[in-house]
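This report refers to the structure that appears directly beneath it.
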Amino acid sequence: MAMRCLFLARKSLNCVGRLQLFLSNDHRALIGLYSTAAKHWGTGDNCHGDDTTDDSSHAMTNVRLLEMKASKLEEQVRELTERYNRAMADSDNVRKRTQKFVQDAKLFGIQSFCRELVEVADLLEKTTDNLQEEEGQRLAQVQDRLQGIFTKHGLEKMSPVGAKYDPYQHEIVCHTPAEGGEPSTVTVVKQDGYKLHGRTIRHAQVGIAVMKQEQD
């Protein structure tokens, strides 16, 4: 009986020793795993940090690209606006020139016809001066009526006597002594001049005053 108890005691001691060895090995393994994790954590071996940096850099690049595109678009808008303004100005100038051309065509389209009419008025005036008083009065009424029609349509006879000589309105055909008057003033009209809406269509043939030495 004593021998059996001794055998069981030794067997129990062997089991306890193996259990201690197993626990010791597992403890060291756990410590090793914990140390490795701690090293990784301490050295900052974390992939999420790099991802954050890359995202920030990518966002900044996109912002710069958008700013460049916006600047180019603004420049294009300025260029297009300038072209549009120039086109509108050119169009407005063309419109004004066209309107002026149409107005001139309406006003001065009868210019040639008026030149011929004033020649008829000249004949009436000369004929009136050479007729007797009664007949002359009748023709004078016709002449006055004709001048009224001329005025109604913008055709006016010039009255240059006493005015300063104007080469755009007068044609010098003779000279007269100044006799106290100002030189280069119109003293006599040899043929009436006419304007159509302010534009000279026939120059008045006039004589102008000159100083005596200039006349010689």
Side-chain angles (χ1 to χ4, degrees), residues 77-216:
V77 169
R78 284 194 297 269
E79 291 179 357
L80 291 174
T81 302
E82 291 177 358
R83 291 181 182 178
Y84 172 78
N85 291 333
R86 287 195 297 267
M88 290 297 295
D90 293 340
S91 177
D92 187 60
N93 291 333
V94 171
R95 180 182 59 81
K96 291 179 179 179
R97 287 195 297 268
T98 303
Q99 288 181 348
K100 184 66 167 58
F101 177 79
V102 172
Q103 291 175 355
D104 289 347
K106 291 179 179 179
L107 293 176
F108 305 110
I110 59 173
Q111 183 169 308
S112 299
F113 178 66
C114 289
R115 287 196 184 100
E116 296 180 359
L117 282 180
V118 297
E119 293 179 1
V120 175
D122 291 341
L123 291 174
L124 283 175
E125 185 176 358
K126 292 177 181 178
T127 304
T128 301
D129 293 338
N130 295 329
L131 290 177
Q132 296 180 358
E133 183 177 355
E134 184 177 355
E135 294 178 349
Q137 288 179 356
R138 292 177 181 175
L139 284 179
Q141 292 177 356
V142 175
Q143 187 177 2
D144 292 340
R145 175 60 178 165
L146 184 61
Q147 290 296 328
I149 295 173
F150 286 174
T151 302
K152 180 180 178 180
H153 294 280
L155 184 61
E156 299 179 2
K157 182 191 291 187
M158 298 180 190
S159 300
V161 176
K164 201 75 173 177
Y165 167 72
D166 185 352
Y168 296 102
Q169 299 181 14
H170 310 141
E171 178 185 354
I172 300 175
V173 294
C174 64
H175 298 86
T176 61
E179 296 180 355
E182 294 185 6
S184 299
T185 57
V186 177
T187 57
V188 62
V189 178
K190 296 296 184 179
Q191 186 182 59
D192 292 322
Y194 283 87
K195 291 181 179 181
L196 179 62
H197 297 292
R199 177 188 292 182
T200 300
I201 64 170
R202 191 177 78 173
H203 288 69
Q205 295 181 357
V206 300
I208 63 171
V210 294
M211 299 299 292
K212 187 174 181 180
Q213 61 269 24
E214 294 180 2
Q215 187 180 10
D216 296 339

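Nothing fancy with the numbering, it's 1 onward along the sequence.
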May I have the step-by-step check of side chain to side chain contact (heavy atoms under 4.5 Å, CB included) for M158 and V186, ending in yes or no? CA-CA 12 Å; M158 298 180 190; V186 177; over 6 Å; no
Quick check for you: to the nearest 0.5 Å, what is the distance between L155 atom CG and Q147 atom CD? 7.5 Å
Less than 4.5 Å apart, side chain to side chain, heavy atoms only: is that true for Q169 and K195? yes
Do H153 and L117 make a side-chain contact, defined as non-hydrogen atoms from C-beta onward lying under 4.5 Å apart? no
Measuring only between side-chain heavy atoms, which start at C-beta, is Q191 closer than 4.5 Å to V173? no
Might you work through the side chain to side chain contact (heavy atoms under 4.5 Å, CB included) test for Q205 and V189, ending with a clear yes or no? CA-CA 6 Å; Q205 295 181 357; V189 178; over 6 Å; no
Tell me if the CZ atom of R83 is crowded by more than 12 foreign heavy atoms within 6.0 Å. no
Looking only at non-hydrogen atoms, find the nearest pair between A209 and P177 and report the distance. CB-O, 4.4 Å
Are the charged groups of D90 and R86 less than 4.0 angstrom apart, N to O? no
Quick check: does any side chain N or O of S184 sit under 3.5 Å from a backbone N or O of Y165, one acting as donor and the other as acceptor? no
Any idea which heavy atoms bring V161 and T187 closest together, and the distance? CG1-O, 4.1 Å
Verify, without hydrogens or angle tests, whether S91 (side chain) and A87 (backbone) share a donor-acceptor contact under 3.5 angstrom. no
Got a sec: does the NZ of K164 have more than 12 other heavy atoms crowding it under 6.0 Å? yes
Check: I201 main-chain N/O paired with R115 side-chain donor or acceptor under 3.5 Å: yes
Rounded to the nearest 0.5 Å, how far does CD of Q103 lie from NZ of K96? 12.5 Å
Do the non-hydrogen side-chain atoms of E116 and V120 ever get within less than 4.5 Å of each other? no
Using every non-hydrogen atom in the two residues, find where P160 and A204 come nearest and quote the distance to one decimal. CG-CB, 4.3 Å
Rounded to the nearest 0.5 Å, the CG atom of L139 sits from the CG atom of L123 at a distance of 11.5 Å
Got F108 and H197 here, is their nearest side-chain heavy-atom distance under 4.5 Å? yes
Are D122 and K126 close enough for a salt bridge, meaning some N to O gap below 4.0 Å? no
Could you tell me whether a side-chain N or O of N93 sits under 3.5 Å from a main-chain N or O of A89, the two making a donor and an acceptor? yes
Is any side-chain heavy atom of V118 closer than 4.5 Å to a side-chain heavy atom of D192? no
Backbone N/O of Y168 and side chain of H203: donor-acceptor pair under 3.5 Å: yes
To the nearest 0.5 angstrom, please state how far the CG atom of L80 sits from the CZ atom of R78. 11.0 Å
